Amino acid sequence: MLAQLLPAGAAANLTADSAAALLRTVRPRELLARTQRQIAVDLVAEIRRLDRRISAAGDAITAAVAAAGSTLTRLYGVGDIVAAIVLARTGSVSRFASSAHFASFAGVAPIEVSSGDVVRHRLSRAGDRQLNRALHVIAITQIRGDTAGRAYYQRKRQAGKSHREALRCLKRRLADVVYRTLLHDANTSFGTPS
């Protein structure tokens with residue numbers, strides 16, 4: 001909308017403030033152009049309102065994770081959003097008898113699909129997809145950094161596994177780490193539910 005009002009166009013990545021500043025320079029004379037400008041002004045106001053809501057939601061999530069007393073955010077690749085997803089989707093960690101049960105719940109437990117002499121594992125379509133996605137975000141973040149997760153991933157790749165297979169192995173290992181962290185939090189005074 002703003003690009004149509006400006007003769008030279010507008011940059012692709014505008015913030016609400018820069019769009020508002022550009023709109024202040026536009027003073028159309030025709031009725032149609034004035035209407036377009038007013039719609040653009042309303043859209044900028046809506047974007048600002050949504051930005052405030054997103055910021056407030058982010059602050060609420062950060063406060064909720066802090067109130068839960070979880071140490072998940074100490075793990076490399078786990079921020080407040082990922083920690084909130086893990087905590088919300090997991091619930092009480094005591095409902096899982098072992099890390100294998102947790103991995104199965106998260107959909108990262110390997111499923112064997114062997115054929116003859118070739119032993120392979122595939123992605124489990126079962127399990128909590130949001131929790132699986134949170135583990136995926138942690139895995140990708142760890143692969144990009146200089147971490148033990150990256151070293152594990154590279155060892156799996158050197159062992160002949162494809163990217164997907166190595167990533168699946170890393171996600172399964174990270175499920176164990178997350179489970180142990182949740183278990184530790186539950187056994188400390190900080191991890192008691194409020």
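For reference, positions follow the sequence shown, starting with 1. Just so we're clear, the structure is a prediction, and the values are computed from it rather than from any experiment.
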We want to know whether S104 and H101 form a side-chain donor-acceptor pair, criterion being a heavy-atom distance below 3.5 angstrom. no

Side chain to side chain contact (heavy atoms under 4.5 Å, CB included) evaluation trace for T181 with R74: CA-CA 10 Å; T181 303; R74 294 181 188 163; over 6 Å; no

Might you point out which heavy atoms bring [X] and [Y] nearest each other, and give the distance in Å?
{"X": "A100", "Y": "R172", "value": "CA-NH2, 3.6 Å"}
{"X": "A106", "Y": "L135", "value": "CB-CD1, 3.7 Å"}
{"X": "A134", "Y": "I85", "value": "CB-CG2, 3.9 Å"}
{"X": "A16", "Y": "R48", "value": "CB-CG, 3.7 Å"}
{"X": "N132", "Y": "G107", "value": "ND2-O, 3.0 Å"}
{"X": "T90", "Y": "V86", "value": "OG1-O, 2.7 Å"}

Supply the atom-to-atom distance [X] [atom1] to [Y] [atom2], rounded to the nearest 0.5 angstrom.
{"X": "I138", "Y": "H136", "atom1": "CD1", "atom2": "NE2", "answer": "11.0 Å"}
{"X": "K161", "Y": "R155", "atom1": "NZ", "atom2": "CZ", "answer": "13.0 Å"}
{"X": "Q142", "Y": "L170", "atom1": "CD", "atom2": "CG", "answer": "6.0 Å"}
{"X": "R129", "Y": "R89", "atom1": "CZ", "atom2": "CZ", "answer": "11.5 Å"}
{"X": "L75", "Y": "T147", "atom1": "CG", "atom2": "OG1", "answer": "11.5 Å"}
{"X": "L167", "Y": "I140", "atom1": "CG", "atom2": "CD1", "answer": "5.0 Å"}

Please set out all donor-acceptor pairs under 3.5 angstrom arising from side-chain atoms of residues 20-30, sequence neighbours excluded.
{"residue": "T25", "atom": "OG1", "partner": "L22", "partner atom": "O", "Å": "2.5"}

For Q154, the side chain to side chain contact (heavy atoms under 4.5 Å, CB included) test, sequence neighbours excluded, returns R150

Who pairs with H184 by side chain to side chain contact (heavy atoms under 4.5 Å, CB included), at least two apart in sequence or on another chain? T188

Taking C-beta and beyond as the side chain, do Q36 and I39 meet within less than 4.5 Å on heavy atoms? no

Are any non-hydrogen side-chain atoms of L131 and F102 less than 4.5 angstrom apart? yes

Establish whether [X] and [Y] are linked, either directly or via other cluster members, by ILVMFWY side-chain heavy-atom contacts under 4.5 Å.
{"X": "V178", "Y": "I61", "answer": "no"}
{"X": "L72", "Y": "V65", "answer": "no"}
{"X": "L182", "Y": "I81", "answer": "no"}

Any sub-3.5 Å donor-acceptor pair from S55's side-chain atoms to D51's backbone N or O? no

Please work out which of the three classes, parallel, tilted or perpendicular, describes the rings of F96 and F105, given edges at 30° and 60°. tilted

Report the relative orientation of the aromatic rings in Y153 and H163; use parallel for angles under 30°, tilted for 30 to 60°, perpendicular for over 60°. perpendicular

So, R49 and E46, do they make that salt bridge, N to O below 4.0 Å? yes

